[in-house]
Peer 1: 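Structure below; questions to follow.
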Amino acid sequence: MNSPKKTARIAGFLYLIMVPFAVFGIMWGTTLIVPGDAAATVKNIMASATLYRLSILSALAVQIGHLLLVLILYKLLKPVNKNMALLMVIFLLVSIPITMLNELNRFAVLLVSSGADYLTVFTAGQQQALGLLFLNLQGRGIFITQIFWGLWLLPMGYLAFKSGFLPTFLGVLLLIAGIGYVIDSVGRLLSPNFGVTIMATITAIMLWGELAFPLWLLIKGVNVEQWEKRALESA
């Protein structure tokens, strides 16, 4: 971890390796939801209960990975501006417990569908409706934590833009991605049908930013000479 290029490549690798876990953990469960049909949704989940549980664990593992990632990125980017690097760390650390606790809503679906004796006060239809309610709550919880997913990209984008040891276009892409996350979250919390067409375009740009940055770190690393210059200036 003493070499800035090695640090960058570890950060890039960790960032990228979390992508499939995040997709499986956050997105896979949505494929089981049948809009407006609680019975079919719960039936799908119980038919794939093991994969459903694994997706919850995958989502939790991503948050643990984020803990490591943000500390590595702090080490890499703090020579640019220590306060902004700390802000980056704070925003992501705030999102982690929110995201992890939000997974309780998905686990609750298994509990209300377990057939336990204490649930007999609810009819089968009521139990299924509760399951869909918990899934909807989990979805709204993602919109809340997504605000912080956007906010942590803003100082990161600023640091990349101002660094001198990373291309400025990476900083621009990260800033756009961060703003996109925040707009998407706030908009969807205000209105479920918020700007679907507009957000599809912003989401594509967000994905480019979040993929380009770790790919660059993994493949190219950083300009070591410029990094060492910034480190000496900030010492």
Side-chain angles (χ1 to χ4, degrees), residues 8 11-12 14-19 21-23 25-27 59-105 137-163 166-192 194-196 198-217 234:
L14 184 58
Y15 209 134
L16 287 171
I17 201 67
M18 287 192 295
V19 171
F21 286 95
V23 171
I26 297 173
M27 301 300 296
L60 296 176
V62 169
Q63 301 313 308
I64 295 172
H66 275 149
L67 283 172
L68 300 175
L69 174 63
V70 75
L71 294 177
I72 297 170
L73 287 174
Y74 173 77
K75 178 180 176 67
L76 183 69
L77 297 172
K78 73 174 180 177
V80 183
N81 186 310
K82 188 175 180 179
N83 289 333
M84 290 297 285
L86 281 172
L87 190 61
M88 175 188 70
V89 173
I90 290 169
F91 280 142
L92 190 61
L93 290 184
V94 169
S95 78
I96 290 171
I98 298 173
T99 307
M100 296 185 82
L101 285 172
N102 190 40
E103 289 302 308
L104 282 174
N105 286 308
L137 283 174
Q138 192 262 347
R140 300 304 181 273
I142 288 178
F143 296 153
I144 293 172
T145 194
Q146 192 174 282
I147 293 173
F148 292 96
W149 293 349
L151 290 176
W152 95 290
L153 293 179
L154 297 181
M156 187 197 303
Y158 170 85
L159 292 167
F161 183 83
K162 299 289 287 186
S163 68
L166 288 168
T168 54
F169 79 88
L170 290 177
V172 173
L173 288 175
L174 288 171
L175 287 168
I176 293 172
I179 293 169
Y181 269 123
V182 174
I183 292 174
D184 185 36
S185 299
V186 174
R188 290 178 187 272
L189 287 170
L190 290 174
S191 172
F194 170 75
V196 175
I198 296 173
M199 285 319 305
T201 303
I202 295 178
T203 299
I205 298 173
M206 286 157 50
L207 291 175
W208 275 110
E210 282 219 89
L211 286 176
F213 181 64
L215 280 171
W216 186 277
L217 292 180
S234 64

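Keep in mind that what you see is a predicted model, and the values were worked out from it rather than measured. Counting begins at 1 with the first residue of the sequence.
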Peer 1: Under a 4.5 Å cut-off applied to non-hydrogen side-chain atoms, are W152 and S95 in contact?
Peer 2: no
Peer 1: I need the L189 CG to D184 CG distance, nearest 0.5 Å.
Peer 2: 9.0 Å
Peer 1: Where is the tightest heavy-atom contact between L153 and A177, given as atom of each residue plus distance?
Peer 2: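 It is CD1-CB, 3.9 Å.
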Peer 1: Any side-chain heavy atom of I176 sitting closer than 4.5 Å to one from V172?
Peer 2: yes
Peer 1: Indicate the ring-plane relationship of F91 and F148, choosing parallel, tilted or perpendicular according to the 30° and 60° boundaries.
Peer 2: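 Tilted.
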Peer 1: How long is the straight-line distance from CD of E103 back to CE of M100, given to the nearest 0.5 Å?
Peer 2: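 Reported value, rounded in 0.5 Å steps: 9.0 Å.
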Peer 1: Considering the options L76, L16, L14, which one meets the side chain to side chain contact (heavy atoms under 4.5 Å, CB included) requirement together with L217?
Peer 2: L76
Peer 1: Go through V182 and I179 one step at a time and tell me if the side-chain contact (heavy atoms from CB on, under 4.5 Å) criterion holds.
Peer 2: CA-CA 5 Å; V182 174; I179 293 169; 5.9 Å; no
Peer 1: Taking all non-hydrogen atoms of both residues, which atom of A160 and which atom of G171 are closest, and how far apart?
Peer 2: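 In this case the closest contact between A160 and G171 is CB-CA, 3.8 Å.
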Peer 1: Indicate yes or no for a side-chain donor-acceptor contact from S185 to the backbone of F143 under 3.5 Å, with no hydrogens or angles considered.
Peer 2: yes
Peer 1: What distance separates I142 CD1 from I147 CD1, expressed to the nearest 0.5 Å?
Peer 2: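 Going from the CD1 atom of I142 to the CD1 atom of I147 covers 13.0 Å.
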Peer 1: Going from CG on L73 to CZ on F213, what distance comes out if it is rounded to the nearest 0.5 angstrom?
Peer 2: 5.5 Å
Peer 1: Measure the spacing between CG of L211 and OH of Y15 and express it to the nearest 0.5 Å.
Peer 2: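 One gets 8.5 Å once the value is rounded to the nearest 0.5 Å.
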Peer 1: Rounded to the nearest 0.5 Å, how far does CH2 of W149 lie from OG1 of T99?
Peer 2: 5.0 Å
Peer 1: For the residue pair L77 and L166, establish whether any side-chain heavy-atom pair is separated by less than 4.5 Å.
Peer 2: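 Yes, side chains in contact.
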Peer 1: Side chains of residues 81-89: which donor-acceptor pairs under 3.5 Å do they make with residues two or more places apart or in other chains?
Peer 2:
| from | atom 1 | to | atom 2 | distance (Å) |
| --- | --- | --- | --- | --- |
| N81 | OD1 | N83 | N | 3.1 |
| N81 | OD1 | M84 | N | 3.0 |

